[in-house]
Amino acid sequence: MHAFDVLGDPVRRRILELLADGEMSSGAVCEVIAVEFGISQPGVSQHLKVLRESGFATVRPEGARRLYAVNAEPLRDVDAWLERFRRFWTPHLDALATELARGKRERRLGSESGDGEQADPGGPQ
């Protein structure tokens with residue numbers, strides 16, 4: 001199964017988001033997914049199987065429990081594929097970061113002026 005076929009399913013994406021926060025038992029994953037998506041335990045198990053067989057997740061037994069974790073390697077492959085498209089959004093994100101920094105600076109200068117009004121971003125004239 002192609003990586004984007006695996007990631008194209010919202011349930012599998014959500015499972016990976018959960019696992020990105022740390023290793024989880026299959027039971028804990030099932031609880032969250034059942035609440036959020038209304039899927040039964042066998043259905044969640046099928047999604048975990050797809051993630052495991054496609055290499056996106058690893059599983060290890062711990063007593064009677066099965067603990068799942070993210071396997072980063074397939075995500076690196078997705079990241080490498082996305083590299084050719086970063087030029088479309090990176091400049092926009094850089095511009096956003098600049099505007100956010102500018103806004104923080106203006107708020108900081110406004111609060112330092114003490115009168116509650118924002119300072120002139122151009123400075124004294």
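Count residues from 1 along the sequence. Not measured: the values here are computed from a predicted model.
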(message) So, using side-chain hydrogen bond (donor to acceptor under 3.5 Å, both in side chains) as the criterion, who are the partners of Gln41 when residues are at least two apart?
(response) Ser45
(request) Only counting residues at least two apart or in another chain, list the ones meeting salt bridge (Lys or Arg N to Asp or Glu O under 4.0 Å) with Glu62. (result) Arg60, Arg65
(request) Hey, could you give me each pair passing ring pair (Phe, Tyr, Trp, His ring centres under 6.0 Å) that has a residue in residues 26-60? Not counting sequence neighbours. (result) none
(request) Any chance you could measure Arg66, atom CZ, to Thr58, atom OG1, to the nearest 0.5 Å? (result) 11.0 Å
(message) Please tell me whether Leu67 and Val59 are part of a single hydrophobic cluster in this structure, the criterion being side-chain heavy atoms less than 4.5 Å apart.
(response) no
(request) Could you list all the side-chain hydrogen bond (donor to acceptor under 3.5 Å, both in side chains) pairs where at least one residue sits in residues 28-40, not counting sequence neighbours? (result) Arg14-Glu36
(message) On a heavy-atom basis, which atom in Gly55 and which in Pro74 lie closest, and how many Å separate them?
(response) O-CG, 3.1 Å
(message) Going by the rule side-chain hydrogen bond (donor to acceptor under 3.5 Å, both in side chains), which residues pair with Ser26 if we only count those two or more places apart in sequence or in a different chain?
(response) none
(message) Quick check for you: to the nearest 0.5 Å, what is the distance between Asp9 atom CG and Ile15 atom CD1?
(response) 8.0 Å
(request) State the CD-CZ distance between Gln46 and Arg12, to the nearest 0.5 angstrom. (result) 10.0 Å
(message) Assess the residue pair Leu109 and Glu106 against the criterion (side chain to side chain contact (heavy atoms under 4.5 Å, CB included)); give the C-alpha distance rounded to whole Å, side-chain angles, the decisive distance to 0.1 Å, and a yes or no.
(response) CA-CA 5 Å; Leu109 290 174; Glu106 289 174 0; 5.8 Å; no
(request) Find the distance between CG (Leu75) and CG (Leu7) and round it off to the nearest 0.5 Å. (result) 7.0 Å
(message) Can you list everything that forms a salt bridge (Lys or Arg N to Asp or Glu O under 4.0 Å) with Asp77? Sequence neighbours excluded, please.
(response) none
(message) Starting from Tyr68, can I reach Val35 by hopping between I/L/V/M/F/W/Y residues whose side chains sit under 4.5 Å apart?
(response) no
(message) Going by salt bridge (Lys or Arg N to Asp or Glu O under 4.0 Å), name the residues that satisfy it together with Arg13, two or more places apart in sequence or in a different chain.
(response) none
(message) My understanding is that only residues two or more places apart in sequence, or in another chain, count here; which of them pass salt bridge (Lys or Arg N to Asp or Glu O under 4.0 Å) with Arg84?
(response) none
(message) If I compare all heavy atoms of Ala57 with all of Leu19, which pair ends up nearest, and what's the gap?
(response) CB-CD1, 4.3 Å
(request) Please report the shortest heavy-atom distance between Leu16 and Val70, naming the atom on each side. (result) O-CG2, 3.8 Å
(request) Using side-chain contact (heavy atoms from CB on, under 4.5 Å) as the criterion, list what pairs up with Ala34, not counting sequence neighbours. (result) none
(request) State which residues pass side-chain hydrogen bond (donor to acceptor under 3.5 Å, both in side chains) with Arg102; sequence neighbours excluded, sorted by chain then number. (result) Glu99
(request) Could you tell me which residues satisfy side-chain contact (heavy atoms from CB on, under 4.5 Å) with Ala72, sequence neighbours excluded, listed by chain and number? (result) Arg76
